[in-house]
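Everything below concerns the one structure shown next.
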Number of protein chains: 2
Amino acid sequence: MQQERNSPTLDDVAKAAGVSTATVSRCLNLPDRVAKKTLDRVMKTVDDMGYTPNFGARAMAARRTFTIGAIIPTMENSIFARGLQAFQEELRSRGYNLLVASSSYRPDVEKEQIRALVSRGADALLLIGYEREQAIYDYLERQGVPVLLAWAFLEGQVQPSIGFNNRAAMCSLANRVIELGHRRIGVISAITKGNDRAAERVAGIRDAMSQNGLNPENLKVIETPYDIQNGAAAFDELMKADPGLTVVMCGNDVLAVGALRKSKEMGLRVPEDVSITGFDDIELASIVTPGLTTVHVPHREMGRKAATELVDMVEKISNGRSAELQASLQIRDSLGVPGMSDTGGPDR
Amino acid sequence: MQQERNSPTLDDVAKAAGVSTATVSRCLNLPDRVAKKTLDRVMKTVDDMGYTPNFGARAMAARRTFTIGAIIPTMENSIFARGLQAFQEELRSRGYNLLVASSSYRPDVEKEQIRALVSRGADALLLIGYEREQAIYDYLERQGVPVLLAWAFLEGQVQPSIGFNNRAAMCSLANRVIELGHRRIGVISAITKGNDRAAERVAGIRDAMSQNGLNPENLKVIETPYDIQNGAAAFDELMKADPGLTVVMCGNDVLAVGALRKSKEMGLRVPEDVSITGFDDIELASIVTPGLTTVHVPHREMGRKAATELVDMVEKISNGRSAELQASLQIRDSLGVPGMSDTGGPDR
DNA sequence: TACGGCAATGTAAGCGCTTACACTATTGGA
DNA sequence: TCCAATAGTGTAAGCGCTTACATTGCCGTA
């Protein structure tokens with residue numbers, strides 16, 4: 001069961017090329033410290049032998065990996081995909097690699113993944129959102145691993161972060177909703193426990209209600225895991241509990257798409273009978289019919305900025321600067337004025 | 001610029017617990033070879049110090065990583081997400097980890113990623129499709145790294161693979177299309193160069209044409225990269241070049257969704273004016289309106305089987321068994337009979 | 001009582017690499 | 001002509017872990 005790898009080592013290459021291991025190593029890492037002639041000969045040998053350096057050994061000796069780890073809640077859906085793509089591209093252009101892990105929105109899994117990435121020698125870590133045990137931040141500090149948070153930005157937090165204000169963004173969408181005349185609002189949120197983004201978004205809706213003289217207590221909220229099916233089920237539950245709802249605001253586009261689909265099944269027209277809004281502006285939002293009114297998040301910009309900042313942190317150019325990006329409303333057709341329906345508005 | 005990590009090492013733990021490094025290592029890896037009392041004391045020390053083993057060092061000493069690498073063409077879209085998720089779950093239950101990389105459908109990038117994963121000590125590799133330089137297989141063989149291919153299955157290939165017959169699957173969909181009366185078929189395919197799945201799918205359509213007495217030469221094919229926008233553009237081009245097309249078969253669902261959207265913009269009704277089909281049956285396929293008729297691929301099953309087989313290969317239980325899975329037609333509303341339109345069919 | 005056997009632990013040799021330091025030519029300036 | 005500076009290369013000490021082998025102490029048995 002012992003793996004019998006006989007891949008060539010630095011030593012093998014050195015012998016074959018008739019130089020010392022130091023020289024081979026230099027050819028690979030600091031080519032201009034080596035005579036052209038030697039370099040050519042060594043590189044040819046490297047190619048001929050199909051030599052690949054052993055990452056573990058290299059990391060151990062050099063005490064760096066040029067690898068940055070990122071832990072996202074989910075790979076299966078595309079919320080983070082675009083941002084991560086940009087993150088990776090930027091990282092690569094700076095000479096770093098990306099190691100991704102996903103936590104399935106589970107704090108215990110995230111913790112495990114953090115240890116795994118540290119164990120693998122990640123030079124720094126990108127994490128999503130603020131909310132996690134303090135012990136984790138302590139651990140990371142002790143290990144000397146810089147961390148940057150993304151997809152969230154809150155004044156006065158200790159941890160450096162690149163993101164936007166989820167609460168304010170959702171509040172501004174809710175204001176728009178209320179402006180249009182909606183009074184009876186239902187909410188389908190992701191599970192807020194352990195997920196500050198989700199919690200902040202719901203809070204943003206309540207803010208808007210208060211600002212407009214509505215009682216936030218009246219807000220009906222259903223929490224459910226990130227999944228189209230769940231969005232559909234939640235919509236059903238919400239509408240059955242209160243058929244007078246004129247708008248259902250969803251914590252993310254995926255839930256909103258589920259709601260949209262369910263509304264169709266229930267024979268409700270959107271936005272005539274009921275309006276639906278999302279959050280994130282993933283590609284799907286522009287594809288469904290009607291197009292989803294949502295909050296546009298600057299994923300790519302966030303990914304790019306996070307990458308440059310994190311590299312700066314690793315290279316001690318910065319010791320962690322936060323940046324707030326702006327999310328904007330993306331108005332499409334799924335949000336309308338209440339009471340457009342022939343069957344009579346709820347407030348007649 | 002030198003990272004001054006002072007994270008505790010095995011040695012530190014050993015000293016603190018008053019035992020040798022060997023004992024600490026055993027506590028971590030073979031707990032039942034250690035006296036209960038010692039074990040408890042050591043584990044407590046490990047916890048207290050926040051010790052995390054250094055993966056590189058461990059890999060080097062143990063000559064195994066319990067990590068399996070997978071290189072997929074893209075993370076951004078969800079074709080592979082579901083399969084990969086299942087792959088990972090199964091891997092985890094067998095005590096292995098997954099390391100993912102994406103190649104952006106570029107052979108050179110894939111090659112680089114393969115080296116990177118080998119360099120990181122992957123015990124085995126999962127690759128998509130057959131088509132790549134022989135040199136890569138040779139390299140992997142020399143390195144002693146088992147490989148399994150997925151998402152494709154072809155008789156008589158040397159490499160073990162878990163997948164389905166793309167050609168036969170698409171052929172069966174095309175047969176259905178022709179059965180319904182379609183004669184003028186347009187195709188939007190992914191780039192076939194370096195992508196055997198894409199090429200096989202187009203070939204499958206030609207097979208069906210031959211079988212039904214149509215001339216495969218007449219098939220109009222546009223190749224374009226995997227992206228909704230591109231699908232839309234290709235649809236536009238196809239329909240402008242030949243407005244008489246009654247059906248556009250797409251190489252995957254993403255392109256099909258693009259085509260669907262474009263058809264709407266062009267004022268063409270689906271399937272009355274033109275039918276559209278996809279391939280893969282990603283979630284999106286059931287969400288768009290009309291629902292996409294497509295080929296259902298057993299992603300999860302494929303991921304699961306690939307994981308068990310790959311682990312068996314690493315553990316020398318198997319030296320590579322192939323398995324063919326069945327893809328099936330998923331009939332929805334985007335495929336209809338030609339000439340349903342009031343505006344007159346092409347063959348009036 | 002003596003001793004084989006076993007359980008628990010320790011000792012130390014690497015695993016494949018980087019890099020500080022040492023060494024040898026070579027070069028150019030005084 | 002001599003010497004300092006410099007370029008090119010080699011030597012060897014680890015980096016943090018696993019594991020074969022050696023050692024120790026204990027038990028049960030003859």
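Distance, Leu10(B) CG to dC15(D) C1': 13 Å, rounded to whole Å.
Not counting sequence neighbours, Lys193(B) has no partner by the salt bridge (charged side-chain N to carboxylate O under 4.0 Å, His left out) test. For Thr74(A), the side-chain contact (heavy atoms from CB on, under 4.5 Å) partners are Glu76(A), Asn77(A), Phe80(A), Tyr105(A), not counting sequence neighbours.
Ion pair Asp40(B)/Lys44(B) not flagged as a salt bridge, since none of the NZ, NE, NH1 or NH2 atoms sits closer than 4.0 Å to an Asp/Glu carboxylate oxygen. Classification of Glu89(A) and Arg300(A) as a salt-bridged pair holds, one side-chain N sitting under 4.0 Å from a carboxylate O. Using a cutoff of 4.0 Å between basic side-chain nitrogens and carboxylate oxygens, Glu133(B) and Lys111(B) are scored as salt-bridged.
Taking every side-chain heavy atom of Thr9(B) into account, dG16(D) is the closest of dT18(C), dC17(C), dG16(D).
With the nearest nucleotide of DNA chain C identified for both Met60(B) and Leu30(A), Met60(B) has the one nearer the 5' end.
Between the two ends of the helix from dT1(C)-dA30(D) to dA30(C)-dT1(D), each summarised by a five-pair axis, the helix axis turns through 50° (rounded to 10 degrees).
For residues 23-32 of chain B, there are no salt bridge (Lys or Arg N to Asp or Glu O under 4.0 Å) pairs, not counting sequence neighbours.
Side-chain N/O atoms of Asn54(B) include none lying less than 4.0 angstrom from OP1 or OP2 on dC15(D). Proximity of Arg63(A) to the phosphate of dG14(D): no side-chain N or O atom is located under 4.0 Å from OP1 or OP2. Between dT18(C) and Arg58(A), a contact under 4.0 Å exists linking OP1 or OP2 to a side-chain N or O.
Counting any heavy atom pair closer than 4.0 Å across all strands shown, Phe55(A) reaches no nucleic acid atom.
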Restricting to nitrogen or oxygen on both sides, can you table the protein-nucleotides 6-13 of chain D pairs closer than 3.5 Å?
unit_1: dT9(D); atom_1: OP1; unit_2: Thr38(A); atom_2: OG1; d: 2.4
unit_1: dT9(D); atom_1: OP2; unit_2: Ala35(A); atom_2: N; d: 2.9
unit_1: dT9(D); atom_1: OP2; unit_2: Thr38(A); atom_2: OG1; d: 3.3
unit_1: dG10(D); atom_1: OP2; unit_2: Ser20(A); atom_2: N; d: 2.9
unit_1: dG10(D); atom_1: OP2; unit_2: Ser20(A); atom_2: OG; d: 3.1
unit_1: dG10(D); atom_1: OP2; unit_2: Thr23(A); atom_2: OG1; d: 2.6
unit_1: dG10(D); atom_1: N7; unit_2: Arg26(A); atom_2: NH2; d: 2.8
unit_1: dG10(D); atom_1: O6; unit_2: Arg26(A); atom_2: NH1; d: 3.3

Would you tabulate the nitrogen or oxygen pairs shorter than 3.5 Å linking the protein to nucleotides 23-25 of chain D?
none

